[in-house]
Engineer: 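Questions regarding the structure given below will be posed in turn.
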There are 2 protein chains.
Amino acid sequence: MTTQQKLIDSARYLIQTRGYNGFSYADVADQVQVRKASIHHHFPAKADLARAVVDESRAQIEQHARALAEAGVNPQQQLLTYTRYWEKCIADASAPFCVAGMLAAEMPTLPSDLADAVRAHFRSLTNWLEAVLSTGSQLGVFQLRHSVRQEAEAFMAMVYGAMLVARAYATPTTFADIVDLAFKRLLAK
Amino acid sequence: MTTQQKLIDSARYLIQTRGYNGFSYADVADQVQVRKASIHHHFPAKADLARAVVDESRAQIEQHARALAEAGVNPQQQLLTYTRYWEKCIADASAPFCVAGMLAAEMPTLPSDLADAVRAHFRSLTNWLEAVLSTGSQLGVFQLRHSVRQEAEAFMAMVYGAMLVARAYATPTTFADIVDLAFKRLLAK
DNA sequence: GGTTGCCAGCCTACTAGTAGGTAGACACGA
DNA sequence: TCGTGTCTACCTACTAGTAGGCTGGCAACC
């Protein structure tokens with residue numbers, strides 16, 4: 001793996017656990033075993049590094065979403081893949097929080113270009129959720145009581161809120177419990 | 001108002017907007033117009049100041065909850081008072097985020113005694129929500145499809161998630177939209 | 001009623017340490 | 001030989017926290 005990729009991975013982990021204002025180039029240098037100056041060579045400013053993390057995350061989500069759709073996976077299974085992914089990440093502490101969620105909380109302190117990247121990530125996720133919910137609704141597997149956009153935003157809020165509550169209580173199962181309820185509500189007649 | 005109270009109020013605002021790792025004694029000193037050393041006189045360490053903020057917030061919530069219950073306000077109106085409070089705070093940007101929510105995101109970086117205070121805040125809020133939902137369910141105004149605890153945690157997750165999404169999009173109405181949906185779901189037959 | 005002593009509150013001036021960021025030299029492969 | 005990547009050494013600005021001194025009010029005692 002290239003040093004650049006290692007730097008991004010390290011920054012992702014640090015943002016997930018400590019947030020943008022909670023980590024420094026010194027932390028990244030320590031993890032990747034290079035000097036601080038080497039990080040500046042790849043990412044001149046801290047915001048550049050963080051933006052690379054967010055952009056990569058968004059690209060991965062979009063790629064996974066495309067792959068699922070092209071494979072003809074049904075809507076409820078697509079949604080379940082998404083929630084199961086976070087359940088696993090939180091349970092084994094490999095990624096205890098979504099990067100964009102963490103950065104969203106810190107929004108007022110972020111440089112504007114990084115804030116733009118975060119918004120783009122949320123927009124991308126909302127669009128995908130809308131598409132999945134819409135298709136599922138047409139197929140009759142999801143029972144939407146409000147507009148697709150509202151249902152998508154509510155589901156997203158539930159997922160991010162569940163991460164927050166699970167982190168506050170330090171009980172990973174709390175996340176699964178809450179998301180499970182959100183899922184059942186969509187399926188309920 | 002005492003200097004001590006001014007310091008707490010200033011710290012609350014700064015935590016809500018920037019988070020624990022995003023503000024410094026210099027920021028507080030600037031807002032309250034005292035020297036940094038004076039803050040240390042009242043709150044020896046940064047964590048002491050933050051803990052005072054969280055403890056005061058929890059006490060206020062508990063006091064309000066008691067007042068509402070003693071006034072004989074019905075459950076749906078009690079819940080509405082809570083959500084309306086945040087709607088207003090977010091709309092006029094007077095308090096664009098819950099202190100405990102912000103600190104929950106930063107949990108892994110907080111000193112343990114401050115983390116304890118944050119957990120206590122969440123526990124207190126969950127307990128109140130459980131009580132309100134439980135009473136409302138017995139009166140037949142709330143339709144709970146799962147355990148009271150699960151429904152309480154899900155509602156809380158929705159509220160905090162809505163704050164996060166609203167902050168990401170910088171659109172205060174998003175919060176009201178999402179919470180409105182959560183509320184209607186509780187009332188739905 | 002003075003005088004004395006105490007103390008909360010606030011200050012200036014400082015410490016040690018960390019933040020993000022830069023300059024310039026060196027190694028190495030195309 | 002040029003570009004890329006890495007390094008050491010350094011910078012300025014800022015962090016939380018400390019040391020020690022000043023002030024003005026309150027209480028106790030003669």
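So that the names make sense, note that chain A is the first sequence line, chain B the second, and so on, each numbered from 1. Values below: every heavy atom of this structure, side chains too, minus hydrogens, waters and symmetry copies.
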Engineer: Check nucleotides 8-15 of chain D for protein N or O atoms closer than 3.5 Å to its own N or O atoms and list the pairs.
Structural biologist:
residue, atom, partner, partner atom, Å
dT15(D), OP1, Ser24(B), OG, 3.1

Engineer: Could you list all N or O pairs between the protein and nucleotides 25-30 of chain C that sit under 3.5 Å apart?
Structural biologist:
none

Engineer: Tyr160(A) vs Phe122(A) aromatic rings, parallel, tilted or perpendicular, using cut-offs 30° and 60°?
Structural biologist: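 Answer is tilted, since the angle falls between 30° and 60°.
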Engineer: Does any donor atom in the side chain of Glu130(B) or Gln150(B) lie under 3.5 Å from an acceptor atom in the other side chain?
Structural biologist: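 Their side chains do not contain a donor-acceptor pair, so the 3.5 Å distance test is not met.
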Engineer: Between His40(A) and Tyr25(A), what is the ring plane arrangement, given parallel below 30°, perpendicular above 60°, and tilted in between?
Structural biologist: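 The rings of His40(A) and Tyr25(A) sit tilted, inter-plane angle from 30° to 60°.
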Engineer: Residues in salt bridge (Lys or Arg N to Asp or Glu O under 4.0 Å) with Arg18(A), at least two apart?
Structural biologist: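 None.
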Engineer: Between Asp27(B) and Gln31(B), does any side-chain donor sit less than 3.5 Å from a side-chain acceptor?
Structural biologist: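 The answer is no; no qualifying pair exists.
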Engineer: Can you hop from Leu68(A) to Val179(A) via hydrophobic side chains spaced under 4.5 Å?
Structural biologist: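 Hydrophobic grouping puts Leu68(A) apart from Val179(A).
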Engineer: Does the side chain of Ser94(B) pick up a donor-acceptor pair with the side chain of Tyr13(B) at under 3.5 Å?
Structural biologist: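 Result is no, nothing qualifies.
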Engineer: Counting only side-chain heavy atoms from C-beta out, which of dT4(D), dC10(C), dG20(C) sits nearest to Thr3(B)?
Structural biologist: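 Within the option list, the nearest is dC10(C).
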Engineer: Quick check on dA8(C): is either OP1 or OP2 less than 4.0 Å from any side-chain nitrogen or oxygen of His42(B)?
Structural biologist: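 So the side chain of His42(B) is outside the cut-off, no N or O lying under 4.0 Å from OP1 or OP2 of dA8(C).
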Engineer: Taking only the side-chain nitrogens and oxygens of His41(B), find out if one of them lies under 4.0 Å from OP1 or OP2 of dC10(C).
Structural biologist: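 False: His41(B) side-chain N/O out of range (4.0 Å or more) of dC10(C) OP1/OP2.
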